[in-house]
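Some notes on the structure that comes next.
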Number of protein chains: 2
Amino acid sequence: MSLREKKKTETKNKIFEVSGRLFKEKGFEKTTVDEITKEAGIAKGTFFNYFSTKEALLLYFGEQKEELIYGLIENETMKGIPTKEKITNFLVFLAESVEKDKELTKLMVFEYTRYMVHSYLGPCEDKCRLHRLTETLFGLLDEGVKVGDVKTSLDVYKASEIITGVYLHSLIMWLNSEDKISFSNEISGKIDMLFEGIGV
Amino acid sequence: MSLREKKKTETKNKIFEVSGRLFKEKGFEKTTVDEITKEAGIAKGTFFNYFSTKEALLLYFGEQKEELIYGLIENETMKGIPTKEKITNFLVFLAESVEKDKELTKLMVFEYTRYMVHSYLGPCEDKCRLHRLTETLFGLLDEGVKVGDVKTSLDVYKASEIITGVYLHSLIMWLNSEDKISFSNEISGKIDMLFEGIGV
DNA sequence: GGTCAAATGTGACCACAGTCATAAATATAA
DNA sequence: TTATATTTATGACTGTGGTCACATTTGACC
């Protein structure tokens, strides 16, 4: 690693570290880029060499966290249990990890939306968090069809989209709630209903 | 109506009208408050007497549209058809009305999220668009239980939340898509699946 | 270690949302 | 009509995110 690269990652890490501390202390909105750069010992312009906007920094936080989560999931003991339980465990795990920092999650959902709206950032690639979730669910359901846990006639992709939607909505409701409800409980209840169906 | 009130609504309408035109011409982001006020023939400060932020104006657009939609729905010919069809018709109608102006919808979804995040605006009252949708669905499903279209054992509220989630997710996917998919088609397909269930 | 090109750093500067003390317009009371 | 209170309008001003022309540092090649 060249000196340049070393300094680069050093600076990026410094920004990450300082802003993380400041966000926890005073929140995202009330932390200014000026503060971050001052504390990090760099010029304001430098900040924007690393993150195109203040919000991009937030997305970076999200990415870091996401990598951790999906990494953990693949190492989970998810063998030999029914598909419904696999999916429930997976989503509950996601929910629990999100429940740990409600404020950060709020901000990230918000930024994700902004990202979506301002599509000059290019169409959905890995930026689309929801796609990743849908793909993972697709994998689980597809296996379920083979095993016989799930209707063979099922449009598996549509089903994974539905589950993603239910997850997203529960997340949003939880973010809006005054904390009386448990996100992870909500989720598992709804998965049950999805598997049974609504009609008679 | 006093002179004051008359002038007030006049000014508000002027802002509404001018900004509507400008948003269509140049988009929301590129339209500045200065422009709006200049064209409306008022001072900048006056704008903020009517809308606390530039974004509040966007929400106002949304509210206006929503009133129209829900108004129409109650007058619809929705008598005597099965619950599943009622729900499908309702959501397809919503979807179609949203499909008419994708950009505005994007912005509104975005602002709705912002509204949610910055909860110093007070907790969810009528601001919660999703709640209204869930309540409407609840009404339809509840009737369905009585009529026998829907499982009697069903947790009706949970089911309406699920449907809301599916609607929301389809909306978001459609907003992100490059226009090849039809939002309203997506929705009706997914309602079918919800009624049948995923499990064997 | 001298020279050039490319990458990175810098901070004065700008655009724009939002504020606030003050002025103008309107209502109320006499 | 005059005097006073209340509501609404005004625009200079401020704070902050983001830009850009220029300075500095680094790496490659001789």
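All values below come from the heavy atoms of this structure, side chains included, with hydrogens, waters and symmetry mates left out. Order of the sequence lines fixes the chain letters, A, B, ..., with proteins taken first and strands second; residue numbering starts at 1 for each chain.
A:T46 has no side-chain polar atom (N or O) that falls below the 4.0 Å cut-off from OP1 or OP2 of C:dT8. Within the 4.0 Å cut-off from OP1 or OP2 of D:dT16, not a single side-chain nitrogen or oxygen of A:T32 is found.
Taking atom NZ on A:K6 and atom P on C:dT8, their separation rounds to 15 Å, with Å as the unit. Spacing between atom CD1 of B:I36 and atom C1' of C:dA17 amounts to 11 Å, rounded to whole angstrom units. Across the protein-nucleic acid pair, A:Y50 atom OH and C:dT8 atom P stand 7 Å apart, rounded to whole Å. Rounded to an integer number of Å, the gap from NZ of B:K8 to P of C:dA25 is 18 Å. The NZ-P distance, from B:K26 to C:dA15, rounds to 14 Å in whole Å. Between the P atom of C:dT19 and the CZ atom of B:F51 lies a distance of 15 Å, rounded to the nearest Å. Put simply, CG on B:N49 is 9 Å from P on D:dT10, counting in whole angstrom units. Atom CG in A:L3 sits about 19 Å away from atom P in C:dA6, given to the nearest Å.
When each of A:F47 and B:F47 is assigned the nucleotide of DNA chain D with its nearest heavy atom, B:F47 is the one assigned upstream, toward the 5' end. Ranked by how close their nearest DNA chain D nucleotide is to the 5' end, A:K7 and A:F48 are led by A:F48. A residue-by-residue look at B:G45 and A:G41 shows that A:G41 has its nearest nucleotide of DNA chain C further toward the 5' end.
For A:R4, taking side-chain heavy atoms from C-beta onward, the closest of the listed nucleotides C:dA6, D:dT6, C:dT10 is C:dA6. Side chain of A:S2, nearest nucleotide from D:dT10, D:dG27, D:dG17: D:dG27. Comparing C:dG18, D:dT10, C:dT10 by their nearest atom to the side chain of B:T53 picks out C:dG18.
Relative to the ring axis of A:F195, A:K190 does not place its NZ or CZ within 45° and under 6.0 Å from the centre.
With A:T83 as reference, A:D149 is the one residue of A:D149, A:D142, A:T88 to meet the side chain to side chain donor-acceptor pair (under 3.5 Å) rule.
Using a 4.0 Å heavy-atom criterion, one finds that B:T37 contacts no nucleic acid atom at all. As judged by a 4.0 angstrom heavy-atom cut-off over every strand, A:K44 is placed among the base-contacting residues.
By the 30° and 60° cut-offs, the orientation of the rings of A:F110 relative to B:F110 is parallel.
Ring centers of B:F183 and B:Y167: under 6.0 Å apart, within the cut-off.
Between B:K14 and B:E39 there is no salt bridge, since no side-chain N of the basic residue sits under 4.0 Å from a carboxylate O of the acidic one.
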